[in-house]
Amino acid sequence: MDKFVVNGGRRLCGEVTVSGAKNAAVAILPAVLLADSPCIIENVPDISDVNAILYALRELGAEVTQLERTTFRIDPTGVNSFVVSKEMAQGMRASSYFLGALLGRLRRAKVAPPGGCDIGLRPIDQHIKGFEALGAKVTIDSGMVVAKAEKLGGCSVYLDVVSVGATVNIMIAAARARGMTVIENAAREPHIVDLANFLNSMGADIMGAGTSVIKIRGVERLSGTSYSIIPDQIEAGTYMVAAAATQGDVVINNVIPKHLESNAAKLREAGAKIEEGDEYVRVTMDRRPGKCNVKTMPHPGFPTDMQPQFATLLAIANGTSIVTEGVWDSRFRYAEQLTFMGADIQVDGKSAIITGVERLKGAPVKANDLRAGAAMIIAGLVAEGETEITDIEYIDRGYEQVVEKLTAVGADIKRVSDDEYGYSLKAN
Ligand code: EPZ
């Protein structure tokens, strides 16, 4: 098992380039199944969650060819299997998107239930509600979710909770249904808009993505297209926080600044300077961060996927801050790890009270999930001494070349392999 070893105390300075968005890629790639000819998808991040989707596409019978490092040609014409097994799903949350995609294409899907990061209960009742409204029958058979439909017809679905996954799945299945589907109380995240743009570029008729009412007029056929995935707002946000926490000066390239507004607003409140260009943001910080309160909410609120990283910044802030989680039931499991490094965090239900300390001290910690892992890296970067982070396979799910990117801006971070002779350095 690999680990990260971080020697903290260095300011991050320089430039870093953000990869394609994980949460857009894991929706767009399964949606390629709806096309009746090959698609070219660019800016695909090289991360394990995406590789798991590409693997599942191949297993289903799609022809997947890597044209360049981040460009793939996917020909779905040969797909006739409707089963995504547990092995194929490999614990990824986004396996559920194969339900919408296979239902849209073959009117049939049998998919292992979604896994993914353990950040609280992760139900799919709203996805199922949408499929049923479209005319599918959904059952559970030997632990697999089975959806079948004679035909899919337009419908009206009101989501009881604002769910990214349910919005994605219903949009994908409805794109090939007969008639108009309306999703009310839909999620508004940038990756929802990206998926709608992708589907529209295949010939779909989707309006309102990015608002809470999305209208999808089903079409007979969708054809292959070329499409470039948006930059990853959470990866960008993570580097923004890392820059501020280390009192650094970092230009983060290949971003859409509008997607980073809530993060930028909170960083400014904590004392950072943020300069925005067309496709970059520059974060500079010349002092210890100040306290501020954060509450996570669906987009355009402060993203839950930035909560652990931001809480880490507040762990070294001057004063006491309150962080409230408004999306997931439990997303504070990382707090205990931060306390091993000297942080003062009290978790009470959905809130954490964080009293900033002058400095954290390096310690052995683990990545409880993807964003908790990112938080451990930031903690390691600001801590005195050495921090060893285990369970980094979580981090590999969503951060491409994190060691290279951080090293380029001056961090001292290494990926280390455990072997029978002790530690050995491994090229990342
Ligand atoms: C997506 O998860 C993201 N994953 C998550 O990012 C992100 O944390 C989350 O949206 C919220 O922004 C992907 O896009 C692959 P939800 P998703 O459905 O779709 C409840 C990361 O770190 N809910 O919007 O699974 C649910 O319990 C990851 O990159 C229901 O009650 O999240 C939660 O409280 C982790 N019933 C809330 O809604 C449902 O049927 C939001 O969940 C579905 C969800």
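In each ligand, atom 1 is the first atom listed, and ligand 1 is the first ligand listed.
Among the atoms of G165, some N or O lies under 3.5 angstrom from an N or O of ligand 1. Taking any N or O of V161, backbone or side chain, none lies under 3.5 Å from an N or O belonging to ligand 1. The distance criterion of under 3.5 Å between nitrogen or oxygen atoms is not met by T304 with respect to ligand 1.
By the 4.0 Å heavy-atom criterion, P123 is counted among the residues contacting ligand 1. Using a non-hydrogen distance threshold of 4.0 Å, R331 registers as a contact of ligand 1.
Taken from OG in S19 to NZ in K405, the straight-line distance is 2.5 Å, to the nearest 0.5 Å. Note that the CG atom of N368 and the CZ atom of R331 stand 11.5 Å from one another [nearest 0.5 Å]. Here R178 contributes atom CZ and L134 contributes atom CG; the two are 13.5 Å apart, rounded to the nearest 0.5 Å.
No donor-acceptor pair closer than 3.5 Å links the side chain of D205 to the backbone N or O of V219. Checking side-chain atoms of D49 against main-chain N and O of G398 turns up no donor-acceptor pair under 3.5 Å.
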Report all side-chain donor-acceptor pairs from residues 186-194 shorter than 3.5 Å, counting only partners two or more places apart or in another chain.
unit_1 : atom_1 : unit_2 : atom_2 : d
E189   : OE2    : H299   : N      : 3.1
D194   : OD1    : Y227   : OH     : 2.5
D194   : OD2    : I230   : N      : 3.2

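Pairs of residues two or more places apart, or lying in two chains, that qualify as side chain to side chain donor-acceptor pair (under 3.5 Å) and include a residue from residues 336-353 are T324-S351.
Within the 4.0 Å heavy-atom criterion, both parts of Q126, backbone and side chain, lie near ligand 1. For K22, every heavy-atom contact with ligand 1 shorter than 4.0 Å involves the side chain, none the backbone.
If you check each of D125, N169, V327, V168 against atom 37 (C) of ligand 1, the one with the closest non-hydrogen atom is V327.
When each atom of ligand 1 is checked for a heavy atom of V26 under 4.0 Å away, the hits are 15 (C). The atoms of ligand 1 that sit less than 4.0 Å from any heavy atom of H127 are 40 (O).
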